[in-house]
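Fair warning: this is a prediction, and the values are worked out from it, not measured in the lab.
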Number of protein chains: 2
Amino acid sequence: MARNGKLATDLVQKLERDIVTGVLKPGDKLDERSLSERFGVSRTPVREALQTLAGSGLVATMPRRGTIVASITVADLIEMFEVMAELEAMCARLAARRMARVDVEKLLALGGECDKLQEHADADAYYEANVNFHEVIYAGCRNSFLERQTKNVRNRLAPYRRLQLHRPGRVKKSNAEHAGILEAISTGDAERAAKLMHQHVAVQGEALNDLLAIVPRGYLEPLAS
Amino acid sequence: MARNGKLATDLVQKLERDIVTGVLKPGDKLDERSLSERFGVSRTPVREALQTLAGSGLVATMPRRGTIVASITVADLIEMFEVMAELEAMCARLAARRMARVDVEKLLALGGECDKLQEHADADAYYEANVNFHEVIYAGCRNSFLERQTKNVRNRLAPYRRLQLHRPGRVKKSNAEHAGILEAISTGDAERAAKLMHQHVAVQGEALNDLLAIVPRGYLEPLAS
DNA sequence: TAGACATTTCTGGTATACAAAAACTCGTGG
DNA sequence: CCACGAGTTTTTGTATACCAGAAATGTCTA
């Protein structure tokens with residue numbers, strides 16, 4: 001999609017990883033000068049990288065006031081989860097209809113892996129496997145545009161989703177939901193797959209309260225932007 | 001969202017308008033130097049503007065080979081319409097549940113306007129009113145993230161959607177479909193609104209063949225990218 | 001005449017220099 | 001002690017200069 005020079009592209013990837021994996025947290029300031037010396041390039045590619053990231057929404061830049069890792073309002077968070085649920089549901093629906101047999105096998109294997117990790121209660125390892133599970137479904141929808149779109153929203157929500165898994169019981173529940181989705185997809189029940197995925201991803205009711213309660217201060221903007 | 005300097009922001013808006021309204025067509029080359037002298041600025045803001053547009057997918061830039069107005073493959077077109085239908089359906093579903101009474105009134109008024117213009121068979125004027133109709137529904141979903149996301153995809157499809165309305169009978173059919181959607185939303189029938197909107201936007205079967213038949217050469221990439 | 005190789009030219013990628021605006025500091029006055 | 005303001009500093013936005021890679025062109029040879 002957005003291909004800039006080689007240096008800038010590298011920076012985009014590195015910064016993106018740092019943001020998605022939580023090394024850089026929402027609200028962190030991204031100073032052009034520091035970044036440029038840290039990576040040993042001039043400010044130009046740094047600016048281009050920030051520009052690209054701003055386009056995908058991972059960072060926010062205010063004119064003449066610099067750029068920070070995007071932090072969102074509570075309203076934004078709710079809205080984005082609402083859209084995320086729909087996008088993932090669509091992926092699941094299409095995957096149930098279109099996924100090749102070999103990919104279903106792969107998905108089954110990943111489901112098993114999640115099962116194992118879930119028992120060991122290693123939240124971070126489970127998170128990895130969980131990401132893989134979902135990505136195989138994204139790919140299974142056979143709509144690369146939808147796949148990109150979904151991944152983009154997921155990346156933007158990553159800092160907040162990550163928090164959820166550290167809650168006791170969440171991993172086990174998540175894994176149980178995977179089983180249902182897996183079954184629906186492997187039997188080709190598109191609507192059921194969509195419905196289950198929607199429920200799996202949506203954050204509503206008490207789950208929303210729980211999430212908001214554990215979001216560290218600074219991850220969310222005050223109402224006055 | 002992506003705020004850069006003032007000059008760059010202006011350029012983004014101007015270029016975006018030119019692309020969406022069809023002044024610049026898919027495949028057109030966007031030479032940095034020409035643009036910079038045409039707008040009387042240096043190459044830097046031009047590059048930043050192109051960068052931003054590349055982020056939203058309206059232009060494509062290949063390293064060392066310059067940037068062009070994004071042209072997509074047939075597969076991309078199909079994929080994007082598939083997602084577009086789902087996003088607009090979601091907007092309609094939420095709008096049916098959430099729209100304030102006064103906004104429903106506005107929508108009814110716009111529906112009437114479309115009716116009038118449809119009778120005069122002025123495709124361009126109808127296109128305008130049609131855009132407004134849809135935008136009121138976007139706003140009615142009360143999810144600004146979804147609204148932005150939907151508008152973004154719509155903009156990317158604009159060059160291709162525009163073509164459809166110049167087909168005989170399409171305007172009348174489109175307008176009839178609006179009536180159904182309008183009715184579903186004003187009576188709060190969310191699922192019906194979603195379903196009708198999905199059908200309204202989706203391009204499938206013969207409609208897809210028709211669209212592909214009238215897309216000018218150059219609007220679509222050959223398979224070998 | 002056709003094809004391949006070399007050269008040239010053009011365009012994009014990067015670095016640096018300069019200008020302008022915001023943030024910070026420090027001092028003064030209430 | 002706090003508030004306010006002028007001057008300094010920091011940081012972003014823009015312009016320009018330089019470099020490198022790719023396409024185009026021209027020439028030489030088979």
Checklist entry - Below 4.0 angstrom, N of the basic side chain to O of the carboxylate: do B:Asp18 and B:Arg38 qualify? => result yes

May I ask you to evaluate whether B:Thr44 reaches the phosphate of D:dT14, defined as a side-chain N or O under 4.0 Å from OP1 or OP2? no

Taken to the nearest whole Å, CD/B:Glu48 to P/C:dG13 is 14 Å

For this session: Say whether B:Thr150 and B:Glu88, considering side chains only, have a donor N or O and an acceptor N or O under 3.5 Å apart.
Result: no

Check your understanding: Would one find more than 12 heavy atoms of other residues, nucleotides or ligands at under 6.0 Å from atom NZ of B:Lys151?
Key -> yes

Margin query: For A:Asp103, is there an ion pair with A:Arg142 - N to carboxylate O distance below 4.0 angstrom?
Written below: yes

Judged by nearest nucleotide, the residue sitting upstream toward the 5' end of DNA chain D, B:Arg64 or A:Leu30, is A:Leu30

Separation of D:dT12 atom P from A:Ile68 atom CD1, nearest Å, is 12 Å

Rounded to whole Å, the CG-P distance (A:Leu50 to D:dT12) equals 9 Å

Whole-Å distance, B:Leu7 CG to C:dA19 C1', equals 13 Å

Taken to the nearest whole Å, NZ/A:Lys29 to P/D:dT10 is 13 Å

Which of D:dG13, C:dT14, D:dA15 is nearest the side chain of B:Arg47? It is C:dT14

Comparing B:Arg33 with B:Ser42, nearest DNA chain D nucleotide closer to 5' gives the residue B:Ser42

5'-most contact on DNA chain C (nearest-nucleotide basis), B:Arg43 vs A:Arg43, goes to B:Arg43

**Prompt:** Should we say atom CZ of A:Arg17 is surrounded by more than 12 heavy atoms from elsewhere, each under 6.0 Å from it?
**Reply:** no

If the cut-off is 4.0 Å, is A:Arg65 near the phosphate of C:dA23, judged by side-chain N/O to OP1 or OP2?
yes

From CG of B:Leu11 across to P of D:dT14 the rounded distance in Å is 9 Å

note: B:Glu37, atom CD; D:dA15, atom P; distance rounded to Å ~ 13 Å

A:Glu32 atom CD is separated from D:dT11 atom P, nearest whole Å, by 10 Å

